[in-house]
Protein chains: 2
Amino acid sequence: MVSPAEDIRVAVDLIVLTLREDALSVLLVQRDDEPHRGAWALPGGFVELQEDLDEAAYRVLADEASLGSGAVHLEQVRTFGAPHRDPRGRVISVAFMALGADLPDPRRGDDVADARWWAIDELAAIDLAFDHADVLACSIERARAKLEYTTLAVTFLPQEFTISQLRGVYESVWGTTLDAGNFHRKATRTEGFLLDLEKHAAPTGGRPARLYAAGPGTSLVPPLLRSGD
Amino acid sequence: MVSPAEDIRVAVDLIVLTLREDALSVLLVQRDDEPHRGAWALPGGFVELQEDLDEAAYRVLADEASLGSGAVHLEQVRTFGAPHRDPRGRVISVAFMALGADLPDPRRGDDVADARWWAIDELAAIDLAFDHADVLACSIERARAKLEYTTLAVTFLPQEFTISQLRGVYESVWGTTLDAGNFHRKATRTEGFLLDLEKHAAPTGGRPARLYAAGPGTSLVPPLLRSGD
DNA sequence: GTAATAGTGTCTGTGAGACAGTATCGT
DNA sequence: ACGATACTGTCTCACAGACACTATTAC
C-alpha cells in the first residue's frame, strides 16, 4: 500500500502549566527562526522515528524546559492538523499538557531566543505563533474541567501541602473564590483524595495547618463542581 | 529545518457507534491485505496532504461506511502512535468517534473483505487487528463518560423520539437499568436538553408517549450520573 | 375489566452552600 | 488581650433514588 501522506510531518507541542505566585502560568518560548520569528510559541518538536508520542513529549520537556519526567504529570490533549497551520508545510501536532508544582525558570534551548513563564491573564495582549492560542485555550479548558472530577489538582502542589494550598490551586485555576470551610470538609471527606500525614506545617500567623499528601484515588466522587460560576 | 520524521505516516481510525436492537454496536471491516489479513479492524485511512483531520475522517466514513456527514456526530478521541503498532512502518493514527442513529448496513469498500456491525459484547471473543482493541476501549469509555455531562445521547436517536427511547440509549450504552420515573423527571426538567414537540407517538400497547427533539443545550447541568453502578 | 406503557407525587437521604462558632497559633 | 489562619457545626435547599400512584392506550 502506497501512502498518499509521505510529506506530512508529526510534532508534539507542550502546554506546560504551573502556579507562580497564585497565577496559572504557561511556559512559552520566543522563536529564533522563521516563520513567526520573534513571536512567542509553545515549546515543541518533531517526533522521531523510533519514539512513542509521550516519549517525544518528555524529550521536548527536557530539552526546552529542563524538566525531568518525575516532576510533571503529562497527558495528551488533542491533535491539531489543519492543512496550513504551519506555513513550512504540512505539520500535524499532538498537544500534550504537562502540569507541575513550582517549576523552575527555564534555561535557554536551541532554536529559541528566549523562554519564560507567562501568567494566563497576560496572554490576551500578545499573539502566539501558529494556532497555539487555540491549542492553549483547549488545554486550559481541559485542565479546568479535570479539576472537577479528578485529583489532578495535587500535581500543582509539592509532596506535602495544606488544605489552604489545595484550595488555592482550585481558586487560581478556575479564577474563582471558594468557601474555606466547605472546601475543607469536601476535600478531607472525599475517599482517596488526601493522605493525612498527621503533622502540621509551620504556622503563618495563625493556627498551624495540617499537612496532607496525595491519596491513592484518581477520580473524585462526587465531583467538586465549579457550580457557582 | 530538516525533519527527522519524514517516514512517519498519519492515518485516521474511525470508531463508528450506533444502537442496533438496543445493543451498542461498532462498525468493523475485515482486512483483505497483510498485515492482519482476515482480522477485523476499525475502518481507517491515511490523511491526504491537503485535507484536515476531520475531513479525512468524513472521507473514510463515506468510503468505508457509506455514511454522509449529516448522519453522524464526529469527535476526535485520542492519537495513538506507539512505534511498532503497525508492522509496515511508523503510522500515527488519530482516532475519531462517530455516533449516529440507526445507521445502515455497510456496503463493501476497497481493500476490505467484509464489513459489518458488531455488538460490543460480541467482541470479547475476537482479536482486533493492530492496537484497535485499545482504541475501541478508549472510545467507548469516552462515549460512556460523555453521556453523563453532555446531551450526546440524542445523537443515537432519530430527530423525533420519546423519553423511553432516550432512556434506552443510556441503558444500552452504560449497560445498566434506570428508574423510568426518575429518568423522565430528570430529562424533561434539565434546561436545554429536550424540545417538547407537543405531539405524541403512535401507541405501542400503552399510553402514547410524547415526542421530543434535541434541545439547544450541549452540556447537562447538573450531570446525569451513572452513580448506581 | 386487565395488561402495558407513560408520566406524576411523595418521601427520604445525601450533599452543597451560607455562615456562625471554636481552636491554635503569633504578637 | 487581639488578629489571623485553621477547622467544625448547623441550617437550608436542591436533588437523586425508591416506589406508589394516576393517565391513556389496546385488548
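Labels below follow one simple rule: chain letters A, B, ... track the order of the sequence lines, proteins then strands, and each chain is numbered from 1.
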In terms of side-chain heavy atoms of A:R207, which of C:dT24, D:dA26, C:dG26 is nearest?
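Selected nucleotide (nearest to the side chain): C:dT24.
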Atom-pair distance ([atom1] on [X]; [atom2] on [N]), nearest Å:
X      : N      : atom1 : atom2 : result
A:L225 : D:dC15 : CG    : C1'   : 13 Å
B:D196 : C:dA6  : CG    : P     : 15 Å
B:D179 : D:dC21 : CG    : P     : 15 Å
A:F183 : C:dG15 : CZ    : C1'   : 16 Å
A:R189 : D:dG9  : CZ    : P     : 7 Å
B:R210 : D:dT24 : CZ    : P     : 11 Å
B:E171 : C:dT5  : CD    : C1'   : 14 Å

Test side chain to side chain contact (heavy atoms under 4.5 Å, CB included) applied to B:V16 and B:L42, B:L67, B:V60, B:V26, the passing residue
B:L67
Check the surroundings of atom CD in A:E141: do more than 12 heavy atoms from other residues, nucleotides or ligands lie under 6.0 Å from it?
yes
Does A:E122 have more than 12 heavy atoms from other residues, nucleotides or ligands lying within 6.0 Å of its CD?
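Counting neighbours around CD of A:E122, more than 12 heavy atoms of other residues, nucleotides or ligands fall under 6.0 Å, so yes.
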Side-chain N or O of B:K186 closer than 4.0 Å to phosphate OP1/OP2 of D:dC15:
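False: B:K186 side-chain N/O out of range (4.0 Å or more) of D:dC15 OP1/OP2.
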Taking only the side-chain nitrogens and oxygens of B:H184, find out if one of them lies under 4.0 Å from OP1 or OP2 of C:dT8.
yes
Quick one: pull up [atom1] in [X] and [atom2] in [Y] and give me the separation to the nearest 0.5 Å.
X      : Y      : atom1 : atom2 : answer
A:S139 : A:D134 : OG    : CG    : 10.5 Å
A:L14  : A:L27  : CG    : CG    : 9.0 Å
A:T79  : A:D13  : OG1   : CG    : 10.5 Å

Could you check whether B:D179 pairs with B:R185 (Lys NZ or Arg NE/NH1/NH2 to Asp/Glu carboxylate O, under 4.0 Å)?
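Looking at B:R185 together with B:D179, the answer is no, because their closest N to O distance does not fall below 4.0 Å.
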Judged by atom type as modelled, is there a donor-acceptor pair below 3.5 Å linking the side chain of A:T151 to the main-chain atoms of A:G217?
yes
Backbone N or O of A:V91 within a donor-acceptor pair of the A:R85 side chain at under 3.5 Å?
yes
Any residue of residues 144-169 of chain B with a heavy atom less than 4.0 Å from an atom of DNA chain D:
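Nucleic-acid contacts, sorted: none.
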Under-3.5 Å N/O pairs linking protein and nucleotides 10-13 of chain C:
| from | atom 1 | to | atom 2 | distance (Å) |
| --- | --- | --- | --- | --- |
| C:dT10 | O4 | B:R185 | NH2 | 3.4 |

With nearest nucleotides of DNA chain D determined for A:T188 and A:G206 from heavy-atom distances, which residue corresponds to the more 5′ nucleotide?
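With A:T188 and A:G206 compared, the 5'-side residue is A:G206.
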Just call it for B:T204: base, sugar-phosphate, or nothing, with non-hydrogen atoms closer than 4.0 Å on any strand.
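Sugar-phosphate, no base atom in range.
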